[in-house]
Protein chains: 2
Amino acid sequence: MKTRKKTLRDYLQLKGLKITNQREIILKTFLDSRSHCSTDDLYIRLRKKHPKIGYATVHRTLKLLVASGIAIEQNFGDGQARYEPVQDNHHHDHLICRECGLIIEFEEPQIEKLQHQVAAAHQFTIESHRHELYGLCSRCSHLK
Amino acid sequence: MKTRKKTLRDYLQLKGLKITNQREIILKTFLDSRSHCSTDDLYIRLRKKHPKIGYATVHRTLKLLVASGIAIEQNFGDGQARYEPVQDNHHHDHLICRECGLIIEFEEPQIEKLQHQVAAAHQFTIESHRHELYGLCSRCSHLK
DNA sequence: AATATCAATGATAATGGTAATCAAAGTCGA
DNA sequence: TCGACTTTGATTACCATTATCATTGATATT
């Protein structure tokens, strides 16, 4: 299986871009971090071992990871983009707790199927979708 | 049936807020506008007949309409909030064309039902949700 | 290995949507 | 009508994101 490091290198080469230490460090740190991290999250984490890497580079590299198909960008309405590694053949959507911020992933093939039926009925070609359920997680709803 | 003007008045009274001309004008103009309008859209529209109303007031009043249950806020990923009147017992989601910006509404009770099953499986209490399908509308996919 | 070319970096400033501030004006109960 | 309190509108502040630009770095060519 092709590593994601290789995927990034191939993408950079294809586009005539350069393989740099920063890009590889950011990729590695991104993959090691918990999912759904924001640019800030990643920047703060990187700063511990690599204080020379600038915020702008982290931001640009995250966009690059999205462009190369390694990551996807999410937005859960708190005003900052979040990124997560793409898992092949493992699409999922999210339950988001408004109280504690907990993010639970879910998969529901039947919903996906119905989505395609809806799109077909409108002669609409789906490129991507987002489906998020907001509310209270089990713990927070008991605390109320 | 209670008009939305009455709904707003009741809400304001309940909260100890004031009924003002601006708020009623903004409500009326909002309801008369095409759906899914942004703060800018509404401000520009208002300026024609009511050039004295400030941007901040439009912004604040839209938030107020959301708080009073008259409108809901949507965000389709273009970096600006959009608002639409709540239609009782008529929840819907959206198909959004990335090319021309067309927004199509859809309803799919089966999806709603499956959502609730997913939430229940995680002991999660749904307060709201968003479900958007992004891609190309019929016209734009033919033009490509 | 040295060089030339072009992209990347990092610090900083610009941008754009949203929200806070505050003096002046308006609302509404007493 | 008066007074307490809210709203308004202009402006500024905020914050995430994006652009700018001089310097540094990567890579192909010699």
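In what follows, every chain begins at residue 1, and chains take the letters A, B, ... in the order their sequences are listed.
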N/O (side chain, [X]) to phosphate O (OP1/OP2, [N]) under 4.0 Å:
X	N	value
Thr39(A)	dA16(D)	no
Thr20(B)	dT8(D)	yes
Gln22(B)	dG9(D)	yes
His59(B)	dG17(C)	no

Residue closer to the 5' end of DNA chain C, Tyr55(A) versus Lys63(B) (nearest nucleotide): Tyr55(A)
Which residue lies more 5' along DNA chain C, comparing Ile19(B) with Gln80(B) via nearest heavy atoms: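 Checking each residue's closest nucleotide, the 5'-ward one belongs to Gln80(B).
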Of the nucleotides [options], which one has an atom closest to the side chain of [X]?
X	options	result
Arg60(A)	dT27(C), dT9(C), dT18(C)	dT9(C)
Leu17(B)	dT8(D), dT18(C), dT7(D)	dT7(D)
Ala56(B)	dG10(C), dA10(D), dT17(D)	dA10(D)
Arg23(B)	dT27(D), dA10(D), dT7(D)	dT7(D)
Lys18(A)	dA16(D), dT27(D), dG29(C)	dT27(D)

How close or far is atom [atom2] of [N] from atom [atom1] of [X], stated in whole angstroms?
X	N	atom1	atom2	value
Glu24(A)	dA26(D)	CD	C1'	12 Å
Asn21(A)	dT24(D)	CG	P	17 Å
Gln74(B)	dT18(C)	CD	P	14 Å
Tyr43(B)	dT18(C)	OH	P	15 Å
Gln13(A)	dA8(C)	CD	P	13 Å
Arg9(A)	dA7(C)	CZ	P	20 Å
Arg82(B)	dT18(C)	CZ	P	10 Å
Asp40(A)	dC14(D)	CG	C1'	14 Å

Thr61(B) side chain to Leu64(B) backbone, donor-acceptor under 3.5 Å: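 The answer is no, because no donor-acceptor pair under 3.5 Å joins these two groups.
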Leu12(B) or Glu73(A), whichever maps to the more 5' nucleotide of DNA chain D: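 Taking each residue's closest nucleotide, the earlier one in sequence belongs to Leu12(B).
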N-O pairing of Glu73(B) and Lys63(B) below 4.0 Å: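 Yes, Glu73(B) and Lys63(B) are salt-bridged.
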Salt bridge flag under 4.0 Å for residues Asp32(A) and Arg45(A):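 Salt bridge: no.
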Sugar-phosphate, base or nothing in reach of Lys15(B), heavy atoms under 4.0 Å: nothing
Hphob cluster co-occupancy, Ile25(B) + Ile44(B), side-chain heavy atoms under 4.5 angstrom: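 Result: no, two separate clusters.
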ILVMFWY network linking Tyr83(B) to Phe76(B), side-chain heavy atoms under 4.5 angstrom: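 No, Tyr83(B) and Phe76(B) fall in different hydrophobic clusters.
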Check: His129(B) ring centroid to His91(B) ring centroid under 6.0 Å: yes
